[in-house]
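Here the structure comes first, spelled out in structure tokens, and everything after it is commentary.
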Amino acid sequence: MEFEPLDQYLQRRKKLTEIEALGHLAHPHRFDWTHTPRQILGQFGDSTAEELSAKNIEVRVAGRVVALRPHGKAGFGHLAGDGEKLQFYVRLDVVGENAFKLFQLLDLGDIVGVSGHLFRTKTNELTVKVEKLQLLTKALLPPPEKWHGLTDTEIRYRRRYLDLIGNEKAREIFLRRAQIVRELRRFFDERGYVEVETPMMHPILGGATARPFVTHHNTLDMDLYLRIAPELYLKRLVVGGLDRVYEINRNFRNEGIDAIHQPEFTMLEFYQAYSDGPTLMDLTEELLRGLAEKVCSGRKVAFGEREIDFSRFERLSMRGAIRKFWPAEAGAAPSVEELAAKGGPRKVAARYNYFAKAKGVDAVESDENTSDGELIGELFETIAEQHLVQPTFIYDFPVEISPLAKRREDDPSLAERFELFIAGMEVANGFSELNDPDDQERRFREQVEKGGQEMPKEVDLDYIRALSHGLPPTAGEGIGIDRLVMLLTNSHAIREVILFPLLRHTAEADAAAAAGQETSLKPPDERSK
RNA sequence: AGGGGCGUAGCUCAGUGGUAGAGCAGCGGCCUUUUAAGCCGAAGGUCGUGGGUUCGAUCCCCACCGCCCCUACCA
């Protein structure tokens with residue numbers, strides 16, 4: 001196989017042949033290093049030239065060649081490893097003719113090991129004076145352009161390895177993502193939660209409202225859905241006596257792709273028996289504040305032009321948010337009574353839409369079947385959601401749009417549910433879990449009757465059975481990890497925080513398919529010839 | 001799906017209705033403390049694809065393809 005840019009690929013192959021002719025192995029098995037570049041800079045970054053020569057420190061260090069500055073019979077280069085760059089200095093009279101020829105045949109991107117003593121150059125840069133140079137791997141293709149890094153967003157996503165080599169920022173994002181996930185685990189582990197893994201392939205759709213991906217198990221001859229949420233399995237575990245559980249894993253939703261949506265995304269869900277929604281709001285605040293402090297070293301986090309302040313979380317009821325952000329030009333904001341009255345939300349929506357049409361902004365969408373509760377949800381999303389930049393909990397969701405949440409004791413039209421919004425994005429969703437099997441079965445049946453691709457086709461009877469065995473009063477919550485990582489890394493597209501985001505398939509793949517190469521996932525007997 | 005933007009050397013980008021330009025990378029040469037090393041030299045292009053207007057199109061027009069952004073579904 002040959003790759004573009006072909007001239008450089010062939011040139012590098014030729015150099016590799018020359019290197020082998022010098023007696024070097026193309027792919028040696030090991031290199032006994034003593035330090036990584038990061039460790040050397042960490043340990044000796046403060047040592048003076050005198051200290052270094054007095055201590056006579058010998059190191060063996062490996063990494064990718066990211067800069068080369070040959071000077072005739074000597075030369076400098078930089079070696080990248082472990083996220084740091086270390087300079088090395090090669091002299092013909094030190095390494096000898098053979099190794100110096102190897103140095104001259106090096107290309108940017110090659111992986112080498114150098115052995116030698118540390119010193120400081122004229123410009124006071126900590127440097128390895130190379131006594132022995134070894135090729136560890138030849139790079140047959142060149143690294144990204146050295147000034148601008150890799151800027152083509154498509155290649156950055158499709159060939160993330162190049163993005164990681166060429167763009168320090170990309171590397172930092174994914175290291176921080178790992179740190180965030182580590183802190184989340186620590187937070188829940190410390191509080192006695194058990195981490196579990198529940199099925200990714202579900203026989204019945206449930207746990208959220210979304211269009212699913214469908215797959216098929218051949219031996220069982222059974223259609224399965226890639227899960228849209230783990231919720232119903234996690235609550236089964238609480239029935240089973242795992243009073244505190246969490247899962248960090250992928251969900252799959254067959255919906256659109258944009259700056260804040262990817263078909264597979266990572267969700268943290270956690271459940272806690274003998275608790276309720278309002279308690280989780282406090283816990284969430286503690287969790288996110290602590291994360292910001294640990295990961296971003298402060299409660300105030302830059303996000304684009306704005307600054308997100310995790311020290312204070314606003315709390316607003318959904319109806320209150322509609323009132324608060326009701327535009328003045330649309331007349332008097334609706335009263336709480338009007339929003340709560342039967343048929344009230346429809347009148348309010350009509351009033352808003354009259355304004356929206358005149359003003360040319362988005363209207364509230366509904367039809368004759370839209371319930372009061374659904375209209376409240378629509379009003380909220382249209383009027384308020386975009387304004388929720390600082391961390392804000394919205395609570396008191398209509399029960400119609402909360403099929404798995406417990407009703408409020410004092411108002412059965414409202415669910416004891418909240419969502420957290422930051423920078424206009426929904427980041428978390430939590431509630432007191434509905435644990436009345438009769439009410440749950442009724443709501444499931446309503447969903448099935450309502451129909452649609454995003455609704456279950458059948459009632460999950462085993463889940464009702466589990467509830468019938470008794471789910472303690474429980475609170476649960478889901479937090480979108482990708483969006484959280486966006487906030488804490490100042491990233492404005494979800495693709496920046498997912499290593500290999502899904503993209504349209506490539507012209508390259510299409511060409512391969514056209515040329516008759518097999519790219520289909522169909523079983524062999526169904527493949528076209 | 002609709003609206004907007006972009007597509008020129010391997011990369012980052014200039015540019016013009018009259019046969020295409022820089023820096024970096026690559027190639028040859030000089031250079032034993034450089035660091036966006038430097039200097040000299042040569043090479044590199046179907047200007048996204050197809051059609052149209054024109055004496056002549058990379059440039060103007062149309063269509064298509066690809067990517068990005070916004071809007072709609074969605075978390």
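Just so it is clear: chains get the letters A, B, ... in the order the sequence lines come, proteins before strands, and each one is counted from 1. Note that the structure is a prediction, hence the values are computed from the model and not measured.
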Is there a Watson-Crick or G-U wobble partner for B:C60 with both distances under 3.5 Å, and if so, which one is it?
B:G52
Please encode protein proximity along nucleotides 70-75 of chain B as a string of B, S and -, counting only heavy-atom distances under 4.0 Å.
-SSBBB
Closer to the 5' end of RNA chain B via nearest nucleotide, is it A:D107 or A:P70?
A:D107
Between B:U12, B:A36, B:U33, spot the one nearest the side chain of A:K129, thanks.
B:U33
To the nearest angstrom, how far is A:F76 atom CZ from B:U33 atom C1'?
4 Å
Is there a side-chain contact between A:R158 and the phosphate of B:C67, meaning an N or O under 4.0 Å from OP1 or OP2?
yes
Could you tell me whether A:K85 contacts a base, only the sugar-phosphate backbone, or nothing, with contacts defined as non-hydrogen atoms closer than 4.0 Å?
nothing
Rounded P spacing from B:U16 to B:U58 in Å:
16 Å
Whole-Å gap separating C1' (B:C31) and CZ (A:F103):
13 Å
Using modelled atom types only, decide if a donor and an acceptor are shared between the side chain of A:N490 and the backbone of A:G304 within a distance under 3.5 Å.
yes
If I take atom CG in residue A:L162 and atom P in nucleotide B:U12, what distance separates them, rounded to the nearest angstrom?
12 Å
Pairing partner of B:A14 (Watson-Crick or G-U wobble, both distances under 3.5 Å)
none
Please confirm whether the shortest side-chain N or O distance from A:R495 to OP1 or OP2 of B:C68 is below 4.0 Å.
yes
Side-chain donor-acceptor distances from residues 448-456 of chain A under 3.5 Å, at least two apart:
| from | atom 1 | to | atom 2 | distance (Å) |
| --- | --- | --- | --- | --- |
| A:K450 | NZ | A:E374 | OE2 | 2.4 |
| A:Q453 | OE1 | A:R211 | NE | 3.2 |

Using the P atoms only, state how far B:G10 lies from B:G26, rounded to an integer number of Å.
15 Å
Across the strands shown, which category fits A:T121 at heavy-atom distances under 4.0 angstrom: base, sugar-phosphate, nothing?
base
Determine the interatomic distance between P on B:A72 and the same-named atom on B:C64; round to the nearest Å.
25 Å
Once you apply the 3.5 Å cut-off to both distances, tell me the Watson-Crick or G-U wobble partner of B:A1, or none.
B:U71
Any A:T151 side-chain N or O less than 4.0 Å from OP1/OP2 of B:U12
yes
Indicate the ring-plane relationship of A:H202 and A:Y233, choosing parallel, tilted or perpendicular according to the 30° and 60° boundaries.
tilted
Under-3.5 Å donor-acceptor pair between A:E125 side chain and B:U34 base:
no
Under 4.0 Å between a side-chain N or O of A:Q8 and OP1 or OP2 of B:G10?
no
Are A:L404 and A:L434 close enough, and set up right, to give a side chain to side chain contact (heavy atoms under 4.5 Å, CB included), and what steps lead you there?
CA-CA 6 Å; A:L404 299 163; A:L434 176 58; 5.6 Å; no
Choose from B:C67, B:U34, B:U32 the nucleotide whose nearest atom is closest to any side-chain atom of A:D93.
B:U32
Apply the test ring-ring contact (aromatic ring centres under 6.0 Å, His included) to residues A:F187 and A:Y246: give CA-CA distance (whole Å), side-chain angles for both, the deciding distance (0.1 Å), then the verdict.
CA-CA 11 Å; A:F187 182 91; A:Y246 74 97; 9.8 Å; no
Span that lies between the P atom of B:C70 and that of B:U54, in whole angstrom
42 Å
A:F265: partners by ring pair (Phe, Tyr, Trp, His ring centres under 6.0 Å), with sequence neighbours left out:
none
Using purine N1 to pyrimidine N3 plus N6-O4 or O6-N4 for Watson-Crick, or N1-O2 and O6-N3 for G-U wobble, each under 3.5 Å, what pairs with B:U34?
none
Whole-Å distance separating the CZ atom of A:F100 from the C1' atom of B:C31
10 Å
Students often get this wrong, so: under 4.0 angstrom with heavy atoms, is A:K146 touching a base, only sugar-phosphate, or nothing?
sugar-phosphate
Is there a side-chain polar atom (N or O) of A:R69 under 4.0 Å from OP1 or OP2 of B:U34?
no
Taking a pair to mean Watson-Crick or G-U wobble geometry with both distances below 3.5 Å, B:C39 pairs with B:G29
Please give, in whole Å, the distance from B:C67 C1' to A:R159 CZ?
14 Å
Starting at CG of A:L108 and ending at P of B:A36, how long is that distance when rounded to a whole Å?
15 Å
Does any nucleotide pair with B:C6 by Watson-Crick or G-U wobble geometry, both distances under 3.5 Å, and what is it?
B:G66
Inspect the contact between A:E131 and A:K129 and indicate whether a charged nitrogen and a carboxylate oxygen are less than 4.0 angstrom apart.
no
Whole-Å gap separating C1' (B:C31) and CG (A:L92)
13 Å
Using the P atoms only, state how far B:G56 lies from B:G52, rounded to an integer number of Å.
11 Å
Select one nucleotide: of B:U33, B:C27, B:U34, the one nearest the side-chain heavy atoms of A:K15.
B:C27
For atom P, what is the distance between B:C59 and B:A20, given to the nearest Å?
14 Å
Gap in Å between the two C1' atoms, one belonging to B:A1 and one to B:A14, rounded:
36 Å
Tell me: OH of A:Y9 to C1' of B:A25, nearest whole Å?
18 Å
Name the orientation class of the two ring planes belonging to A:F213 and A:F252 (parallel below 30°, tilted from 30 to 60°, perpendicular beyond 60°).
perpendicular
Provide the distance between the two C1' atoms, one in B:G48 and one in B:A9, to the nearest whole Å.
15 Å
Quick check: does any side chain N or O of A:R227 sit under 3.5 Å from a backbone N or O of A:R250, one acting as donor and the other as acceptor?
yes
Contact class for A:F252 vs. all strands (heavy atom < 4.0 Å): base, sugar-phosphate, or nothing?
nothing
Do NZ/NE/NH1/NH2 and the carboxylate oxygens of A:E231 and A:K235 come within less than 4.0 Å?
yes
